[in-house]
Each structure stands twice: as structure tokens, then as C-alpha cells.
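Here's the structure, in C-alpha cells; my notes come after.
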Amino acid sequence: QVQVVESGGGLVQPGGSLRLSCAASGNIKSRYAAGWYRQTPGRQRELVATITSNGVTNYADPVKGRFTISRDNAKNIVYLQSSSLKPEDTAVYYCNVFIDNTLYWGQGTQVTVSS
């Protein structure tokens, strides 16, 4: 069993920055792929960024050039560094990890971009 916990959300002004963390714990024996997604009320969850077990990254067009996904393999943490935040980035951000052919999701962390 694997547990996934996101943290780092909060209220930030437009143009500001936040770093979200996704910590995985439990039965983890090797590197894993992970992803960040976000969801607003009434809309489907959408991809933000992904990172493979080898560190290859992929970004959704709305966040390219503003968000960076990275990982600390020693700590089993995946980060999402966001900058130049916009009000439309407001959402609940979720992390998932893919371990032993199973996808695990965290509970989400709220990011609100507002003045």
C-alpha cells in the first residue's frame, strides 16, 4: 500500500509563486512516474504536468514556461514549482503516483490566486 500526501497550497496574489509537494510513502521499491492535476468545481480534472521515473517531464500548454515539475528521489517527493500565477490557476491540485501498476492519488491541496 502507498500513501500520497500533497501540501503547499494556499492563497497567493496574481504574479506570485508557490511550491507544492507530493510525498509518497509505504511500499515503494523503485522510482515511479508521477503527475500533477487540477480541478475546479463543475469541470473535469485536468493534467498540469507529469514526470517519468527517469525524470522526463511534460506540461499542459496553459502552464508551460510558468510551472516546473521535479523530484527528490531520496525523499520520494515530487514538487510543482509555480510562478507568474494567474487567477485561472485557482483549483484543487492533486498528485498521483504510479507504482507497481497501480495509480495512487492524494487528497488534494487548494491553490487560490486572488488579490
Side-chain angles (χ1 to χ4, degrees):
Q1 190 71 6
V2 173
Q3 294 78 42
V4 179
V5 178
E6 301 99 332
S7 61
L11 174 64
V12 62
Q13 292 188 340
S17 300
L18 274 179
R19 188 177 78 162
L20 306 183
S21 298
C22 170
S25 61
N27 190 22
I28 302 171
K29 301 175 182 177
S30 60
R31 295 184 184 180
Y32 50 87
W36 282 98
Y37 293 73
R38 64 188 182 187
Q39 189 171 21
T40 54
R43 300 188 66 178
Q44 286 190 329
R45 195 170 295 186
E46 64 176 13
L47 170 72
V48 176
T50 60
I51 187 166
T52 69
S53 58
N54 293 325
V56 178
T57 59
N58 180 59
Y59 298 91
D61 286 343
V63 307
K64 280 182 180 176
R66 300 188 298 121
F67 289 19
T68 301
I69 189 171
S70 63
R71 63 192 307 150
D72 183 330
N73 292 319
K75 297 181 179 179
N76 285 329
I77 297 177
V78 175
Y79 301 101
L80 184 69
Q81 178 69 51
S82 59
S83 61
S84 302
L85 283 162
K86 307 174 182 179
E88 51 264 43
D89 293 317
T90 295
V92 178
Y93 283 70
Y94 296 90
C95 172
N96 69 23
V97 300
F98 188 67
I99 297 174
D100 292 336
N101 293 319
T102 302
L103 194 63
Y104 299 91
W105 288 90
Q107 81 291 346
T109 184
Q110 176 72 46
V111 172
T112 302
V113 184
S114 175
S115 56

Show me, pair by pair, the donor-acceptor contacts under 3.5 angstrom made by side chains of residues 31-38, not counting sequence neighbours?
unit_1 : atom_1 : unit_2 : atom_2 : d
Y32    : OH     : N76    : O      : 3.3
R38    : NE     : E46    : OE2    : 2.7
R38    : NH1    : D89    : OD1    : 2.9
R38    : NH1    : Y93    : OH     : 2.9
R38    : NH2    : E46    : OE2    : 3.4

Would you give me the side-chain donor-acceptor pairs under 3.5 Å for residues 101-112, sequence neighbours excluded?
unit_1 : atom_1 : unit_2 : atom_2 : d
T102   : OG1    : D100   : O      : 3.4
Q107   : NE2    : E6     : O      : 3.4
T109   : OG1    : G9     : N      : 3.2
Q110   : NE2    : A91    : O      : 3.4
Q110   : NE2    : T112   : OG1    : 3.3

Do I28 and V2 pass the side chain to side chain contact (heavy atoms under 4.5 Å, CB included) test, and can you show the C-alpha distance, the side-chain angles, and the key distance before you say yes or no? CA-CA 7 Å; I28 302 171; V2 173; 4.3 Å; yes

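Cluster annotation: V92 is not connected to V4 through the hydrophobic network of ILVMFWY side chains, with a link wherever side-chain heavy atoms come within less than 4.5 Å. Linking ILVMFWY residues whenever their side-chain heavy atoms come closer than 4.5 Å, directly or via other members, places V113 and L20 in the same cluster. There is no path of hydrophobic side-chain contacts, each under 4.5 Å, that joins I99 to V5.
The OG1 atom of T57 sits 10.0 Å away from atom NZ of K64, with the distance rounded to the nearest 0.5 Å. A distance of 12.0 Å separates OH in Y79 from SG in C95, rounded to the nearest 0.5 Å. Rounding to the nearest 0.5 Å places CG of D72 at 6.0 Å from CD1 of I77. If you take CZ on R71 and OG on S53, they are separated by 7.0 Å, rounding to the nearest 0.5 Å.
Residues P14 and S114 approach most closely at CD-C, 3.6 Å, considering heavy atoms. Closest approach of V97 and A24 over heavy atoms only: CG1-CB, 4.4 Å.
With hydrogens and angles ignored, the 3.5 Å screen pairs a side-chain donor or acceptor of Y59 with a backbone N or O of I69. Panel note: side chain S83, backbone R66; a donor-acceptor pair is recorded below 3.5 Å.
Residue S82 is tested with V63, V12, L18 for a side chain to side chain contact (heavy atoms under 4.5 Å, CB included); the sole match is L18.
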